[in-house]
There are 2 protein chains.
Amino acid sequence: MAPESDRTAGPLYRRVAEDLRQAITSGRYGPAGQLPTEAELARHYDVSRGTLRQALAILRTDGLVTSRRGTRRVVLGTARVQSFSEMLSFTQWARSIGQEPGGLLHSLVRRPADSIECEQLRLESGAEVYAAVRLRTLAGTPVMVEHTSYPARVGSLVAELPFDAVSHSDKLRQHGIYFADAQHVIDVVPADARDAKLLSCRRGSSLLRERRRTTDSNGIPVEWSQDHYLPGTVAFSVHNSHASSSLSRHARRSR
Amino acid sequence: MAPESDRTAGPLYRRVAEDLRQAITSGRYGPAGQLPTEAELARHYDVSRGTLRQALAILRTDGLVTSRRGTRRVVLGTARVQSFSEMLSFTQWARSIGQEPGGLLHSLVRRPADSIECEQLRLESGAEVYAAVRLRTLAGTPVMVEHTSYPARVGSLVAELPFDAVSHSDKLRQHGIYFADAQHVIDVVPADARDAKLLSCRRGSSLLRERRRTTDSNGIPVEWSQDHYLPGTVAFSVHNSHASSSLSRHARRSR
DNA sequence: CAGTGGTCTAGACCACCAT
DNA sequence: TGGTGGTCTAGACCACTGG
């Protein structure tokens, strides 16, 4: 294939996708320009059309290009989607945006799982979890309180970490705990007493909440987390298209 | 192919995907069970492995099954992802969850676009937009205030609609305006005076905000909307995996 | 080691768009 | 009507998992 796309390792279609992403975000085809034909691109990269289409599918999902039968692909924008890993790890995310992450472990206890944890972590009632509460900071400023529950198998590893450890997901990966899938639910919730104390906000004031259940590659839950962000500190962004959507909106019970 | 999957129209891989989705959510393989081999499934449906893999890719994106080299696919859960159309249209969404949607047009004006609208709708400075403010209700209860701006081309159609029209996207589709891509940003924002009045909440209280830019199949913006939800009424849900992610988290400017 | 999903190829035909 | 992306096929080889 063309020399400019040999830079990184991994499957061919990913290298092609990265090269195309670079070309698009650098403006080679203009802000709303047309891409060359699939046949032309395949010839250029010296790959089959199937492989090229795998590459384009990535850019399609990221919202970088359109795709429509009968017409050439059009540049949609310069979306900068984060990797799965960056989305899960506060530490990796912070560093990827050039900010210095900080963490303060407020508490870490081992106790029987409550009913919500049993359901989310698929545990038998009575099983034990490790429940951690951490304050997260960006450049020293409090941003988020993280309530995370781990099943015993995972939690025992977390418990061995030093109190001032910044990244936990790194450590877990070293012990063979891989995160593969996550389901996120985003809404608004009032601050409880602990949130208020750690974040220096009024009790009952609104926080942006992200609830997240992460599973490994076998579908076994490895983490259940409720992250409470101070308003105005972060926003969540999702791309969506006729071709693929993993986003939905839920009605919550009226109280 | 097998008779049970001839029900719907459309491409073969979609019909296979829907049949498999049905099989999985009905529990045929168990809550965390293994799927048959790709080869077996392809034989069962009498399709090529490539087509079968297209079907499985859909279920993968929806978070229904895992996929990992060397092992069979495992049932992850029974995620119920909404269609793109349901995600965009309040009316379609409400009906899909069995609730009766209502709408009250608060104002609809034609005026020059402000700087944010120019950027979001890719308009020349000075171009005109139609700006609508609508109160949305579920079963008669106020849920959300929608601030939507349309470029003139689209807005002139919206302006022709009766004041009590519930669904606008239906009408636009009839006039050849198709929604193809959307970018969503979700965060928390204080209620302004108008929000407070329409939603009967205190001014300055927190609302869940969804900002959305929708484009047609040529990448041309057709809608820019800021939806302000009362806390506790809705939540947004996204699935995410090592294989594909269209989700990211942004830091907002500190004020 | 055998089984399984991941990657890649080469070619065919079709549906849709613009002209 | 010609160009383009969407769909589908048949086959090959590889990387990884698990016994």
Side-chain angles (χ1 to χ4, degrees), chain A residues 1 5 8-18 20 29 33-61 64-76 176 178 180-181 216-220 241-244, chain B residues 1 5 8-18 20 29 33-61 64-76 176 178 180-181 216-220 241-244:
Chain A
M1 65 182 297
S5 43
T8 55
L12 188 46
Y13 71 88
R14 283 195 185 280
R15 302 204 299 270
V16 172
E18 284 322 299
L20 271 172
Y29 305 113
Q34 282 188 342
L35 259 59
T37 313
E38 291 184 355
E40 285 170 350
L41 287 171
R43 204 161 39 243
H44 171 66
Y45 286 111
D46 193 23
V47 300
S48 73
R49 193 178 157 221
T51 298
L52 184 86
R53 282 177 58 83
Q54 274 189 283
L56 285 171
I58 295 176
L59 306 182
R60 183 72 185 85
T61 299
L64 234 63
V65 297
T66 62
S67 68
R68 190 164 143 244
R69 184 150 38 190
T71 70
R72 290 206 188 168
R73 290 171 191 267
V74 169
V75 175
L76 252 186
Y178 291 99
D181 279 90
D216 67 15
S217 37
N218 289 312
I220 298 173
S241 78
H242 187 67
S244 90
Chain B
M1 68 182 294
S5 43
T8 57
L12 189 46
Y13 71 88
R14 282 194 186 279
R15 302 203 300 270
V16 172
E18 284 322 299
L20 271 172
Y29 305 114
Q34 281 188 343
L35 259 59
T37 311
E38 291 184 356
E40 284 171 351
L41 287 171
R43 203 161 39 244
H44 171 66
Y45 286 110
D46 193 22
V47 299
S48 74
R49 193 177 156 222
T51 298
L52 184 86
R53 282 178 58 83
Q54 273 190 283
L56 286 171
I58 295 176
L59 305 182
R60 183 72 186 86
T61 300
L64 233 63
V65 296
T66 62
S67 67
R68 189 163 142 246
R69 184 150 41 191
T71 70
R72 291 206 187 168
R73 291 172 190 267
V74 169
V75 176
L76 252 186
Y178 291 98
D181 280 271
D216 67 14
S217 38
N218 289 312
I220 298 173
S241 76
H242 187 67
S244 91

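Remember, it's a predicted structure, so these values are computed and weren't measured experimentally. Protein chains get the first letters and strands the later ones, always in sequence-line order, with residue 1 at the start of each. Only this structure's heavy atoms are used, side chains among them; waters, hydrogens and symmetry mates stay out.
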Nearest-Å distance for atom pair CZ/P, residues A:Arg69 and D:dG6
8 Å

Distance below 4.0 Å between A:Thr71 side-chain N/O and C:dA18 OP1 or OP2:
no

To the nearest Å, how far apart are B:Leu41 CG and C:dT4 P?
11 Å

Are the side chains of A:Ser244 and A:Arg60 in touch, meaning some heavy atoms are under 4.5 Å apart?
no

Side chain of B:Glu38 only, heavy atoms from C-beta on: which candidate in D:dT7, C:dG6, C:dT7 is closest?
C:dG6

Sugar-phosphate, base or nothing in reach of A:Arg53, heavy atoms under 4.0 Å:
base

5'-most contact on DNA chain C: A:Arg68 or B:Glu40, nearest heavy atom basis?
B:Glu40

In whole Å, I'd like the distance from the CD atom of A:Gln34 to the C1' atom of D:dG5.
12 Å

Using a heavy-atom cut-off of 4.0 Å across all strands, would you classify B:Arg73 as base, sugar-phosphate, or nothing?
sugar-phosphate

Round to a whole Å and report the spacing from CG of A:Leu56 to P of C:dT7.
16 Å

Given C:dG6, D:dT7, C:dT9, which nucleotide is nearest the side-chain atoms of A:Ser48?
C:dT9

Which distance, rounded to the nearest 0.5 Å, do you find between the CD1 of B:Ile220 and the CG of A:Leu76?
10.5 Å

Let me spell it out: for each of B:Gly50 and A:Ser67, pick the nucleotide of DNA chain D with the closest heavy atom. Which residue's pick is nearer the 5' end?
A:Ser67

Out of C:dT7, D:dG5, D:dG18, which has the shortest distance to the side chain of A:Pro11?
C:dT7

Heavy-atom nearest pair, A:Leu52 first then A:Ala42, reads CD2-N, 3.9 Å

Whole Å only: how far is the CZ atom of A:Arg15 from the C1' atom of C:dT7?
11 Å

Nearest whole Å is fine: how far is D:dG5 P from A:His242 NE2?
18 Å

Measure the distance from CG on A:Leu52 to P on D:dG5 and round it to the nearest whole Å.
9 Å

Out of D:dT17, C:dC8, D:dT4, which nucleotide sits closest to the side chain of A:Thr37?
D:dT4

Quick note, A:Val47 side chain, CB onward, closest among C:dT9, D:dT17, D:dG5 is C:dT9

Start with the C-alpha distance between A:Leu56 and A:Leu35, add both sets of side-chain angles, then the distance that settles side chain to side chain contact (heavy atoms under 4.5 Å, CB included), and finish with yes or no.
CA-CA 11 Å; A:Leu56 285 171; A:Leu35 259 59; 4.1 Å; yes

Within the modelled atom types, does a donor on one side and an acceptor on the other bring the side chain of A:Arg49 and the base of D:dG6 under 3.5 Å apart?
yes

To the nearest angstrom, how far is A:Tyr13 atom OH from C:dC8 atom C1'?
11 Å

What distance separates A:Arg72 CZ from A:Glu38 CD, expressed to the nearest 0.5 Å?
11.0 Å

With a 4.0 Å cut-off on heavy atoms, is A:Arg72 in touch with a base, just the backbone sugar-phosphate, or nothing at all?
sugar-phosphate

